[in-house]
Structure formats: C-alpha cells, structure tokens
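No experiment lies behind these values; they were computed from the predicted model shown. Any value given below was found using the heavy atoms of this structure, including those in side chains, with hydrogens, waters and symmetry copies removed. Atoms within a ligand are numbered from 1 in the order they appear, just like the ligands themselves.
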Amino acid sequence: MEYPGNLFVVAAPSGAGKSSLVKALLELDARLAVSVSHTSRAPRGQEQHGREYWFVGETEFRAMAGRGEFFEWAEVHGNLYGTSRAGIEARLQHGEDVVLEIDYQGALQIKQLFPYAVLIFILPPSWDELRLRLSRRGDTEPEVIAKRMVNARHEVAQAQHFDYIVVNAVFDTAVFDLKTIVHAQRLKYAAQRRNRSAVFLALDLP
Ligand SMILES: Nc1nc2c(ncn2[C@@H]2O[C@H](COP(=O)(O)OP(=O)(O)O)[C@@H](O)[C@H]2O)c(=O)[nH]1
Ligand SMILES: Nc1ncnc2c1ncn2[C@@H]1O[C@H](COP(=O)(O)OP(=O)(O)O)[C@@H](O)[C@H]1O
C-alpha cells in the first residue's frame with residue numbers, strides 16, 4: 001500500500017511525555033496532522049470528545065472493530081483504543097504527513113500495514129521520574145498509576161522493535177530530536193520518490 005504522506009508513530013509508557021511532545025511538535029510543524037484515536041475509556045481531566053479522543057464507549061468501539069473500521073486497535077491498561085481508517089487514509093492519500101500517538105501493539109500493527117512508517121519510542125529518563133510525572137500530571141488515580149508503572153516495564157522492552165528511541169529528559173531537546181527525525185524522513189522519502197539522493201535534494205542541486 002503506497003501513500004504519498006509520511007506516517008510517524010510515537011509510543012511510550014504512560015507519563016513518558018508523548019502527548020506533550022507530539023503537541024509541541026505539531027505547533028512547530030504545520031505539515032504534520034495528528035490522528036485522533038477512538039477509545040472506550042472515559043474522558044480524563046479537561047479532555048474533549050473529538051480533540052484528544054473520540055470517546056465512543058465499549059459497545060460502539062467493538063461494533064466498529066467488527067465492521068473493520070480500524071487500521072489497528074488494542075486493549076491497553078484495560079481500555080480499548082484504535083486508529084480509524086477514516087481518520088488517516090484520506091490525509092495520507094492527499095500527501096499529508098500524519099502522526100499516530102498509540103501503544104506499542106498498535107505501532108507494530110501499523111508497521112505491518114505501512115512498512116515505510118517510522119516508529120519512534122519515547123523513554124523517560126528514569127523509573128522514578130516516570131512515576132513523578134504521572135503523579136504530578138494530577139489526572140490519574142494512584143491505583144491506575146501503579147498499574148501503568150507495572151505495564152511500563154513490559155512496554156519499555158518493546159522499544160527494541162522501533163526505528164528510533166528518544167529519551168525525554170530535557171523536554172526541548174526531545175522536541176528537537178523529534179523534529180530532526182521528521183525532517184530526515186521527509187528528505188529520504190522525497191528522494192526515494194524522485195530517485196534522487198537526499199544530499200542533492202537538500203542542496204537543491206540539479
Ligand atoms: N493501539 C493504540 N493505542 C492507543 C491509541 N490511542 C492511544 N493509545 C495508547 O493507549 C495508552 C493509554 O493512553 P491514555 O489513556 O491516553 O493514557 P496516557 O498514556 O497516560 O496518555 C497509551 O499508551 C496510548 O499511546 C490507539 O489508537 N491505538
Ligand atoms: N521532559 C519533561 N520534563 C518534565 N516533565 C515532563 C517532561 N515531558 C513531559 N512532562 C510532563 O509529564 C507529564 C506526562 O506527560 P504526558 O505528555 O501526559 O505523557 P504521556 O502522554 O506519555 O502519558 C505531564 O504533566 C507533562 O507536562
């Protein structure tokens with residue numbers, strides 16, 4: 001399946017900073033569009049239907065999955081999450097670059113469907129910092145934090161299957177790392193499409 005738009009997948013354990021980093025990246029890069037996932041979980045804090053997620057509930061989610069409406073979906077921390085075909089297919093076909101913020105299970109499914117997708121794993125600088133960020137975020141119950149910290153150990157082990165690993169210690173450095181990955185992929189992909197070396201493209205040589 002060849003689509004002109006690039007596909008970037010960002011995954012990380014809860015609390016590592018993926019939502020904040022993707023938000024900052026989108027503010028710096030007008031060509032990037034984020035995919036809004038569907039989920040069965042209830043909204044958290046200030047989250048709004050159609051902004052952070054399409055909050056559809058379990059019955060509707062499973063009905064959508066049964067109709068094949070997701071490119072990928074997974075159960076994560078006891079809730080269902082999925083990327084709808086309708087949400088990204090047209091954008092990719094129109095050449096837009098799309099960012100998916102999903103878990104490692106979804107990332108590996110996407111890589112199967114779109115081999116040219118770029119998988120980026122965000123790591124926290126330490127377990128203590130991860131726990132601190134989750135509790136400081138203030139919208140996740142202590143028992144949910146504990147569950148996500150347990151899951152994080154297995155999730156982090158999946159980073160080996162990703163194309164890039166970004167350690168989110170200093171936020172601005174991690175944003176710059178993401179920008180660099182996106183820029184390098186655009187050069188490489190454009191060169192492939194035009195059968196020209198990325199160097200010539202970068203220097204705009206004939
Ligand atoms: N497979 C998959 N995972 C998703 C999707 N949307 C969100 N997730 C993941 O579900 C997990 C929980 O997300 P969320 O409930 O927002 O908690 P957070 O990780 O603390 O922001 C995170 O790892 C997300 O990356 C999706 O469409 N598909
Ligand atoms: N580099 C960083 N240093 C300190 N705090 C951070 C950093 N990156 C993110 N945070 C904070 O950590 C918390 C979790 O970030 P968030 O983007 O919600 O993570 P995720 O989407 O991976 O669950 C938020 O309060 C966020 O502001």
Side-chain angles (χ1 to χ4, degrees), residues 7-27 34-56 58 61 64-65 69-88 98-113 117 119-156 158-159 161-162 166-178:
L7 193 50
F8 299 95
V9 180
V10 178
S14 290
K18 61 187 173 302
S19 309
S20 308
L21 289 169
V22 168
K23 186 167 178 286
L25 183 64
L26 292 170
E27 284 163 11
V34 71
S35 162
V36 179
S37 294
H38 286 70
T39 184
S40 65
R41 79 159 168 78
R44 218 174 43 198
Q46 304 303 313
E47 291 180 331
Q48 283 179 22
H49 181 65
R51 191 179 64 185
E52 285 80 8
Y53 287 101
W54 297 106
F55 295 99
V56 294
E58 179 162 355
F61 189 102
M64 289 180 69
E69 294 182 24
F70 293 123
F71 269 132
E72 61 77 25
W73 68 275
E75 180 170 340
V76 194
H77 312 314
N79 297 302
L80 303 175
Y81 299 83
T83 302
S84 70
R85 294 173 184 278
I88 66 171
V98 175
V99 182
L100 304 185
E101 193 195 309
I102 62 178
D103 90 312
Y104 76 89
Q105 300 169 96
L108 298 180
Q109 291 174 55
I110 289 294
K111 191 75 170 180
Q112 290 285 322
L113 286 171
L119 304 190
I120 305 164
F121 200 90
I122 307 292
L123 281 180
S126 70
W127 293 115
D128 289 344
E129 178 65 12
L130 183 65
R131 184 180 290 105
L132 184 65
R133 290 180 189 175
L134 265 177
S135 50
R136 204 165 45 195
R137 187 169 71 179
D139 61 0
T140 311
E141 298 303 316
E143 62 278 8
V144 174
I145 289 176
K147 181 176 181 182
R148 292 192 170 191
M149 286 302 294
V150 168
N151 292 344
R153 294 204 176 263
H154 175 65
E155 289 168 329
V156 162
Q158 309 309 315
H161 303 300
F162 282 60
V166 171
V167 178
N168 178 21
V170 177
F171 187 76
D172 289 345
T173 305
V175 174
F176 182 77
D177 289 346
L178 287 177

Engineer: Below 4.0 angstrom from a heavy atom of Arg136, which ligand 2 atoms are there? Numbered from 1 as shown, please.
Structural biologist: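 Going through ligand 2 atom by atom, the ones under 4.0 Å from Arg136 are 4 (C), 5 (N).
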
Engineer: Atom 10 (N) of ligand 2: which of Arg148, Lys23, Arg133 has the nearest heavy atom?
Structural biologist: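 Residue with the shortest heavy-atom distance to the ligand atom: Arg133.
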
Engineer: Please list the nearest protein heavy atom to atom 18 (O) of ligand 2 with its residue and the distance rounded to 0.1 Å.
Structural biologist: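 So the nearest neighbour among protein heavy atoms is Arg137 NH1, 2.8 Å.
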
Engineer: When the ring centroid of Phe162 is compared with that of Tyr104, is the distance short of 6.0 Å?
Structural biologist: no

Engineer: Does CZ in Phe55 sit with more than 12 non-hydrogen atoms of other residues, nucleotides or ligands closer than 6.0 Å?
Structural biologist: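 Counting neighbours around CZ of Phe55, more than 12 heavy atoms of other residues, nucleotides or ligands fall under 6.0 Å, so yes.
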
Engineer: Under a heavy-atom criterion of less than 4.0 Å, does Pro13 contact ligand 2?
Structural biologist: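 Per 4.0 Å heavy-atom rule, Pro13 contacts ligand 2.
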
Engineer: Verify whether one side chain among Ser84 and Glu69 offers a donor that lies under 3.5 Å from an acceptor in the other.
Structural biologist: no

Engineer: Taking ring pair (Phe, Tyr, Trp, His ring centres under 6.0 Å) as the definition, give me every residue that meets it alongside His161, ordered by chain and number, with sequence neighbours left out.
Structural biologist: none

Engineer: Suppose we measure from atom 14 (C) of ligand 2 to each protein heavy atom; which comes out shortest, and what is that distance?
Structural biologist: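 Nearest neighbour among protein heavy atoms for atom 14 (C) of ligand 2, to 0.1 Å: Gly15 O, 3.7 Å.
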
Engineer: Write out the protein residues near ligand 1, meaning a non-hydrogen atom under 4.0 Å from one of its atoms, in order of chain and number.
Structural biologist: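 Shell around ligand 1 (4.0 Å, heavy atoms): Ala12, Ser14, Lys18, Ser37, Arg41, Arg44, Tyr53, Glu72, Ala74, Val76, His77, Tyr81, Gly82, Thr83, Glu101, Ile102, Asp103, Gly106, Arg137, Arg148.
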
Engineer: Report yes if Leu21 has an N/O atom closer than 3.5 Å to an N/O atom of ligand 2; otherwise report no.
Structural biologist: no

Engineer: Quick test: of every protein heavy atom, which one is nearest to atom 17 (O) of ligand 2, and how far off is it to 0.1 Å?
Structural biologist: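 Protein heavy atom at minimum distance: Ser20 OG, 2.6 Å.
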
Engineer: Can you pull the ring-ring contact (aromatic ring centres under 6.0 Å, His included) pairs that have at least one residue in residues 129-151, sequence neighbours excluded?
Structural biologist: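 ring-ring contact (aromatic ring centres under 6.0 Å, His included) check on residues 129-151 returns no pairs.
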
Engineer: Nearest protein heavy atom to atom 19 (O) of ligand 2, by residue and atom, and its distance?
Structural biologist: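 Among all protein heavy atoms, the one nearest atom 19 (O) of ligand 2 is Gly17 N, 3.1 Å.
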
Engineer: Which heavy atom of the protein is the closest neighbour of atom 21 (O) of ligand 2, given with residue, atom name and distance?
Structural biologist: Ser19 OG, 2.5 Å

Engineer: Within ligand 2, which atoms have a heavy atom of Ala169 less than 4.0 Å away?
Structural biologist: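 Every atom of ligand 2 under 4.0 Å from some heavy atom of Ala169: 1 (N), 2 (C), 3 (N).
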
Engineer: Ring pair (Phe, Tyr, Trp, His ring centres under 6.0 Å) with Phe61: which residues, sequence neighbours excluded?
Structural biologist: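 By the ring pair (Phe, Tyr, Trp, His ring centres under 6.0 Å) rule, Phe61 matches Phe70, Trp73.
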
Engineer: Please check: side-chain N/O of Ser35 versus main-chain N/O of Val99, any donor-acceptor pairing under 3.5 Å?
Structural biologist: no

Engineer: How far is atom 8 (N) of ligand 2 from its nearest protein heavy atom, and which residue and atom name does that atom have?
Structural biologist: Asn168 ND2, 3.0 Å

Engineer: Give a yes or no on this: more than 12 heavy atoms of other residues, nucleotides or ligands lie within 6.0 Å of atom CD of Gln46.
Structural biologist: no

Engineer: Need the ligand 2 atom indices (1-based, order shown) with element for anything under 4.0 Å from a heavy-atom of Phe171.
Structural biologist: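 Here the atoms of ligand 2 in question are 1 (N), 8 (N).
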
Engineer: State the atoms of ligand 2, each with its element, that fall below the 4.0 Å cut-off from a heavy-atom position in Ser14.
Structural biologist: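 Every atom of ligand 2 under 4.0 Å from some heavy atom of Ser14: 23 (O).
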
